[in-house]
Asker: 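Sharing a structure below in structure tokens format, with a few things to ask.
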2 protein chains.
Amino acid sequence: MFSKACEYGIRAVVFIASQSVQSRKVSLKEVAKEIDSPESYTSKILQKLVKSEVILSEKGPTGGFSIDYQKLNSIKLERVVVAIDGDQIFKGCGLGLKQCNANMPCPLHDKFKEVRDKLQNLLETTTVLELAEKIEYGLGFLKR
Amino acid sequence: MFSKACEYGIRAVVFIASQSVQSRKVSLKEVAKEIDSPESYTSKILQKLVKSEVILSEKGPTGGFSIDYQKLNSIKLERVVVAIDGDQIFKGCGLGLKQCNANMPCPLHDKFKEVRDKLQNLLETTTVLELAEKIEYGLGFLKR
DNA sequence: TTAGTATCGGATAATTTTGTCCATTATTAT
DNA sequence: ATAATAATGGACAAAATTATCCGATACTAA
């Protein structure tokens, strides 16, 4: 469904958010440990998220990754996914046709659109904060 | 969503079905042309589908690929997808956790499960024949 | 029996994704 | 200023996916 990079990305952002709620910055090392991901690869993914302004980063000691407290409850999962995987997953044709729409549909178009739309809706209505809170309350986990 | 191989696979099966309805066998060349896919790669995918008994193949002149007329209306899309991509796409965790279930869920578990289930339902209730008929009647297309 | 046709299977190559390593830059505390 | 810390950026490597090629095999028709 999502690429591995995207899976790591979401998990990382949720963890960072769960710590930002408590005004804590986290290092790359912590992130990789908490979400059980390869450190260097995770670094690349976080850089992408920094560039697309989903997360903040500060260098030097006391530095680390965080999410702007103001933005915390407005960041939707959709932004994370699009930053890493693009929007093909919830916009593209299920059978890989470049041109597939109501006028010129693939045979799966109508049914598949329902799934896509449901996914898109999930991504556009789910906030990172909401997921982070599950982590805080021990109602959700980011590894295993 | 689906791998490229799986996209080609579905398109190929739907085309083969649309011809089997008319008792026509089709060659690899025809398939690749009709679904606009690389011929040799498509060959590998068709071999997988033969081994998993989704389609039939006959060698020699007058040979080609086809689908058993008896089975035509009972073959679900799910079989094609599982034969090529496995079931991770509608069974696996959205965030890539190996262990993710109601007891030990990822923070996206509940919401994501709805999407997965919808996809699984789509794949389990949609028949290849149903899609093939759209092609026959010009209500669906397999390239562009 | 032979020529022709079409799938099968194995080897190999190209591309993309995933993952690693290291020097550089920025920042902080001493 | 200096040393320590943490992200950054670039090059590189491994693995998986996508794609190609070709000889072998099976079958048909004449």
Asker: All N/O contacts under 3.5 Å from nucleotides 11-16 of chain C to the protein, with atom names and distances to one decimal?
Answerer:
none

Asker: Can you tell me if the side-chain N/O atoms of B:Gln47 get under 4.0 Å from OP1 or OP2 in C:dT7?
Answerer: no

Asker: When you measure from the side chain of B:Arg24 to the backbone N and O of B:Gln19, does any donor-acceptor pair fall under 3.5 Å?
Answerer: no

Asker: Would you say A:Lys76 has more than 12 foreign heavy atoms packed within less than 6.0 Å of its NZ?
Answerer: yes

Asker: Where do A:Glu124 and A:Glu78 come nearest, in terms of heavy atoms and distance?
Answerer: CG-CG, 3.9 Å

Asker: So A:Tyr41 and A:Tyr8, would you call those rings parallel, tilted or perpendicular, with 30° and 60° as cut-offs?
Answerer: perpendicular

Asker: Please give, in whole Å, the distance from D:dA16 P to A:Lys4 NZ?
Answerer: 11 Å

Asker: Mind checking the CG-CG spacing from A:Asp117 to A:Leu122? Nearest 0.5 Å is all I need.
Answerer: 12.5 Å

Asker: Whole Å only: how far is the CD1 atom of A:Ile45 from the C1' atom of D:dA7?
Answerer: 15 Å

Asker: How about NZ on B:Lys143, more than 12 heavy atoms from neighbouring residues, nucleotides or ligands closer than 6.0 Å, or not?
Answerer: yes

Asker: Provide, to the nearest angstrom, the distance between the CG atom belonging to A:Leu56 and the P atom belonging to D:dA6.
Answerer: 18 Å

Asker: For residues 19-40 of chain A, which residues have at least one heavy atom under 4.0 Å from DNA chain D?
Answerer: A:Val26, A:Ser27, A:Leu28

Asker: If you measure only the distance, is there a donor-acceptor pair under 3.5 Å linking the side chains of B:Ser66 and B:Ser20?
Answerer: no

Asker: Nearest 0.5 angstrom please: A:Leu72 CG to A:Glu133 CD, how far?
Answerer: 8.5 Å

Asker: Donor-acceptor pair, distance only, cut-off 3.5 Å: does the side chain of A:Arg79 make one with the backbone of A:Ser52?
Answerer: yes

Asker: Considering only nitrogen or oxygen atoms on both sides, find all protein atoms under 3.5 Å from nucleotides 26-30 of chain D and state each distance.
Answerer:
{"from": "D:dA26", "atom 1": "O4'", "to": "B:Lys59", "atom 2": "NZ", "distance (Å)": "3.3"}

Asker: Would you sort out whether A:Glu130 and B:Lys111 count as a salt bridge (charged side-chain N to carboxylate O under 4.0 Å, His left out), showing the intermediate values?
Answerer: CA-CA 12 Å; A:Glu130 167 190 346; B:Lys111 288 190 171 188; 2.9 Å; yes

Asker: Is it true that a side-chain atom of A:Arg11 and a backbone atom of B:Leu97 form a donor plus acceptor pair closer than 3.5 Å?
Answerer: no

Asker: Please test A:Asp85 against A:Ser3 for side chain to side chain donor-acceptor pair (under 3.5 Å), starting from the C-alpha separation and ending with a verdict.
Answerer: CA-CA 7 Å; A:Asp85 276 356; A:Ser3 70; 2.6 Å; yes

Asker: Given atom CG of B:Leu46 and atom P of C:dG9, what is their separation to the nearest angstrom?
Answerer: 13 Å

Asker: In whole Å, what is the span from the OH atom of B:Tyr8 to the C1' atom of D:dT17?
Answerer: 11 Å

Asker: From D:dA7, D:dG9, C:dC8, pick the nucleotide closest to the side chain of B:Phe65?
Answerer: C:dC8

Asker: Quick one: is B:Ser43 getting a side-chain N or O under 4.0 Å of the C:dT7 phosphate, OP1 or OP2?
Answerer: no

Asker: At under 4.0 Å, does any side-chain N or O of B:Tyr41 touch on OP1 or OP2 of D:dC21?
Answerer: no

Asker: B:Gln88 has an atom CD; how far is it from atom C1' of D:dT17, in whole Å?
Answerer: 17 Å

Asker: OP1 or OP2 of D:dT8 versus the side-chain N and O atoms of A:Lys48: is any pair under 4.0 Å?
Answerer: no

Asker: Taking atom C1' of D:dT8 as reference, at what distance in whole Å does atom CG of A:Leu49 sit?
Answerer: 15 Å

